[in-house]
Amino acid sequence: MPAGHGLRSRTRDLFARPFRKKGYIPLTTYLRIYKVGEYVDVKVNGAVHKGMPHKFYHGRTGRVWNVTKRAIGVEINKQVGNRIIRKRIHVRVEHVQPSRCAEEFRLRKVKNDQLKAEAKARGEVISTKRQPLGPKSGFMVEGTTIETVTPIPYDVVNDLKGGY
Amino acid sequence: MVTPTARRGPENSLQRKDREFIWEVAGDHLHGRRPLATTRIPTAKRRRPLFSHGHGLPPNGIVPHPGIKPNTHEGKPNYNGAPTPPPSPSQSVFVKTQKTRAYSKRFQVKFKRRRQGKTDYRARLRLTNQDKNKYNTPKYRFVVRFTNKDVTAQIVYATIAGDIVMAAAYSHELPRYGLEVGLTNYAAAYCTGLLLARRVLKFRDLDQEYEGNVEASGEDFSVEPSDERRPFRALLDVGLIRTTTGNRVFGALKGALDGGLDIPHSDKRFAGFKKDEKQLDAEVHRKYIYGGHVADYMKTLAEEEPEKYQSHFSEYIKKGIEAGGMEALYKKVHAAIRADPTLAKSTKEPPKTHKRYNLKKLTYEQRKASLVERLNALNSSAGADVDEDDDE
């Protein structure tokens, strides 16, 4: 009999709960709130059978476009043939985690606002743009001694002492 | 004489909570038999069967207390499949345990509060799960718990950092309102629920709008939503008790309902519900709310067994509470609660902090700093020692 291609085919390990984390899932996943426009990671929790996304979406990150009573609507990119489609799926909150991909951006936004406010108070104009690392500046090498390395004449006896 | 082999682990491993099989062979005790089943383990950790015949001291040098009886697990298989060795005589305190290291390694502990037997996570999940499209709106739980001498009623909501108690009422506050005895009965639970409800409503400035049921009649009463502000809604959280008809938890529930909280409920579990007629007998319920059942018992005891009455209801007698005066007493308490439900600040001083006898645990920064200090000290004392390269 050939192998099937059902909805959950080939997910034996993918949807399995990790070692010693079986059973009830901690309540934090249920207490989190999600707002439209936030980024979330989709990570299937095999203990909850309802509202599971297809295995393709496991590990994908998308944006929230809808919030219902127990589930989140997530918009995820999927390559179909020669184009990328924005797929909209609904996923229960147990299979979703808040994504940290935008965290750095959010923190930088806050810091930049703060810097700009301070600069305005001082009356300066500053640029908060990120700059790539430039080439390293020149330096003198300090505190070194010069050791001249010369080859030693080949000594047959010593080199073969281990064995032939 | 059993001699300890050199190949044992350090002394502390013997006292570890998850005890391993520690087997030791003493050759003469085998009498030519093969040692019992041992799996092939690398030499460094090899453990061999122990036949402790009680000669001399056990390997770890602890002298057994003569009163200690060893664990007899006759006939029960061990976790590694080997049959149980014969039970050791009472002189040996060191008994073979049944939990192998492999078992302990794979064991998944339940949640801490489940291990303590305090939280029912199935119920908790369903009580705290809020609709996602209600975002940050808290879902309040009306928590009722009983101890041996106290009743606790709280309004709690859950956050990721932990549950937050918005308001709490204890039956040990009831002496302030005139009730000194019988602090864990149905009537006291009613008073505590009532106190909590009035307290919360006052806190939320809803107490003028939602008076609730001022005259407790025992009938099923639900708050009518008024025009301006909706009533305060909470869900009953019973914890781990068995929800039987007439349980005191439902007494507290009734108190909160009459106080003006909106708690979804049915009258099926109130005291006085007749299963045959499927109806709540309001008279019986009212009797319970005013301690009528206690009063009846007092009367019957006083007539038939005066000595038992004296011993059982000694506190009541001391305070001068009689069976006939119960209802009036509770009426007064209800009125007092409605008059002033605010929390009274405790006049007790904070407990003395004692001198610290053990070392305080250092923080990560402190440990790093002390390490840097020690290294600097070492480096400076080492002084002019030059590192010598190894000759390969």
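Throughout, protein chains are lettered first and strands after them, A, B, ... in sequence-line order, and every chain is numbered starting at 1.
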Once rounded to the nearest 0.5 Å, what's the spacing between atom [atom1] of [X] and atom [atom2] of [Y]?
X	Y	atom1	atom2	answer
A:Y30	B:T128	OH	OG1	9.5 Å
B:D120	A:Y24	CG	OH	7.0 Å
B:D131	A:I33	CG	CD1	13.5 Å

Could you work out, with side-chain contact (heavy atoms from CB on, under 4.5 Å) as the rule, every residue matching B:Q130, not counting sequence neighbours?
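Testing B:Q130 for side-chain contact (heavy atoms from CB on, under 4.5 Å), a comparison that skips the adjacent residues, returns B:K134, B:T137, B:K139.
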Looking at A:K35, is its backbone amide N or carbonyl O close enough to the side chain of B:K132 to form a donor-acceptor pair, meaning the two atoms are under 3.5 Å apart?
no
So, A:R32 side chain and B:I160 main chain: donor-acceptor pair closer than 3.5 Å or not?
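A pair under 3.5 Å: no.
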Contact summary for [X] and [Y], nearest pair of heavy atoms:
X	Y	answer
B:N133	A:K69	ND2-N, 3.5 Å
B:Y135	A:Y34	CE2-O, 3.0 Å
A:K22	B:Q108	O-NE2, 2.7 Å

Counting only heavy atoms not in [X], do more than 12 sit closer than 6.0 Å to its [atom1] atom?
X	atom1	value
A:E124	CD	yes
A:F19	CZ	yes
B:R115	CZ	yes
B:Y121	OH	yes

Option that, when pairs with chain B are counted at under 4.5 Å, heavy atom only, ranks first among A:I25, A:I72, A:L27, A:T28:
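Top count of heavy-atom pairs under 4.5 Å with chain B: A:L27.
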Would you please go through residues 88-117 of chain A and name the residues with a non-hydrogen atom below 4.5 Å from one of chain B, in numerical order?
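The stretch touches chain B at A:V93.
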For B:R124, the salt bridge (Lys or Arg N to Asp or Glu O under 4.0 Å) test, sequence neighbours excluded, returns B:D163
Contact part of B:F111 toward chain A, heavy-atom cut-off under 4.5 Å: side chain, backbone, both or neither?
side chain
Whatever's closer than 4.5 Å to a heavy atom in chain A on B:R106 counts as both
Output the residues of residues 227-236 of chain B for which the shortest heavy-atom distance to chain A is under 4.5 Å, in residue-number order; output 'none' if no such residue exists.
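Counting heavy atoms that sit under 4.5 Å from chain A, no residue of residues 227-236 of chain B is involved.
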